[in-house]
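Side chains are part of it too, since the values below use all heavy atoms of this structure and drop only hydrogens, waters and symmetry mates.
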Amino acid sequence: MNIEELLPYIEKRPQMYFREKNVLFLEAFLGGFFLNEHSKDDFRYDFYNWLQKKFNLENNLTWADFIEIISQNENLNSVDVFFREYHLFKK
């Protein structure tokens, strides 16, 4: 299963894959996934650059830190914000 096939399952039921519905757990999960897969589908670098440009954020953070900041500013769950931004990024 590649990441594009797996992410919809995670989006639907994130706590089946990690302990809390928190982007930092998602970041760790994806890190392990891509370490194991060595996948060309690893979107994290491009996603990081896209978020940085879209929200004009500092470049010494991770993409998950960006999502945390955005979710705190919008008072939303960080995993929900990740999937919202991820879908926009993929368009």
Checking Leu76 now: which residues fulfil side chain to side chain contact (heavy atoms under 4.5 Å, CB included) with it, not counting sequence neighbours?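 Partners of Leu76 by the side chain to side chain contact (heavy atoms under 4.5 Å, CB included) criterion, ordered by chain and then number, come out as Glu74, Val81, Arg84.
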Once side chain to side chain contact (heavy atoms under 4.5 Å, CB included) is applied, do any residues pair with Lys90, and if so which ones, sequence neighbours excluded?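 Partners of Lys90 under the side chain to side chain contact (heavy atoms under 4.5 Å, CB included) test: Glu4, Tyr86.
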So which heavy atom on Asn77 is nearest to which on Lys21, and how close?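 Nearest pair, atom of Asn77 first, then Lys21: ND2-O, 3.0 Å.
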Test of understanding: clusters of I, L, V, M, F, W, Y form through side-chain heavy atoms closer than 4.5 Å, transitively. Do Leu35 and Leu6 belong to the same one?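 Each belongs to a different hydrophobic cluster.
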First locate atom [atom1] of [X], then atom [atom2] of [Y], and finally report the distance between them rounded to the nearest 0.5 Å.
X     : Y     : atom1 : atom2 : answer
Leu88 : Leu51 : CG    : CG    : 10.0 Å
Leu30 : Ile3  : CG    : CD1   : 5.0 Å
Leu57 : Ile70 : CG    : CD1   : 5.5 Å

Does anything in residues 1-20 pair up under ring-ring contact (aromatic ring centres under 6.0 Å, His included), and if so which pairs, sequence neighbours excluded?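 The answer is Tyr17-Phe29.
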Please work out whether the ring planes of Phe82 and Trp63 are parallel, tilted or perpendicular, with thresholds of 30° and 60°.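 Judged by the thresholds at 30° and 60°, the geometry between Phe82 and Trp63 is tilted.
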Asn73 side chain reached by Phe55 side chain, heavy atoms, under 4.5 Å: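 Contact flag for Phe55/Asn73 side chains = no.
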Hey, does Asp65 have a side-chain heavy atom less than 4.5 Å from the side chain of Val23?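 The answer is no, as the side chains (C-beta and beyond) never meet within the 4.5 Å cut-off.
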Quickly, which of Phe83, Tyr45, Trp50 forms a ring-ring contact (aromatic ring centres under 6.0 Å, His included) with Phe89? Name it, please.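 Going through Phe83, Tyr45, Trp50 one by one, the ring-ring contact (aromatic ring centres under 6.0 Å, His included) with Phe89 is satisfied by Trp50 alone.
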Check against side-chain contact (heavy atoms from CB on, under 4.5 Å), Glu68 and Glu27: CA-CA 11 Å; Glu68 271 292 311; Glu27 178 185 38; over 6 Å; no
Are more than 12 heavy atoms from other residues, nucleotides or ligands located less than 6.0 Å from atom CG of Asn60?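 Atom CG in Asn60 is crowded, with more than 12 foreign heavy atoms closer than 6.0 Å.
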Does Glu5 CD have over 12 foreign heavy atoms under 6.0 Å away?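 Atom CD in Glu5 is crowded, with more than 12 foreign heavy atoms closer than 6.0 Å.
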Results of side chain to side chain donor-acceptor pair (under 3.5 Å) for Gln52 - residues two or more places apart only: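 Testing Gln52 for side chain to side chain donor-acceptor pair (under 3.5 Å), a comparison that skips the adjacent residues, returns none.
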Does Asn2 have any side chain to side chain donor-acceptor pair (under 3.5 Å) partners at least two apart in sequence or in another chain, and if so, which?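 Result, side chain to side chain donor-acceptor pair (under 3.5 Å) vs Asn2: none returned.
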Determine, stepwise, if the pair Phe43 / Leu7 fulfils side-chain contact (heavy atoms from CB on, under 4.5 Å). CA-CA 12 Å; Phe43 63 89; Leu7 281 175; 4.1 Å; yes
Under a 3.5 Å distance rule, please check whether Asn22 uses its side chain to pair with a backbone N or O of Ser78 as donor and acceptor.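 Not confirmed, Asn22 side chain does not pair with Ser78 backbone.
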Pairing residues for Tyr48 by the ring pair (Phe, Tyr, Trp, His ring centres under 6.0 Å) criterion, not counting sequence neighbours: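 For Tyr48, the residues satisfying ring pair (Phe, Tyr, Trp, His ring centres under 6.0 Å) (neighbours in sequence not counted) are Phe66.
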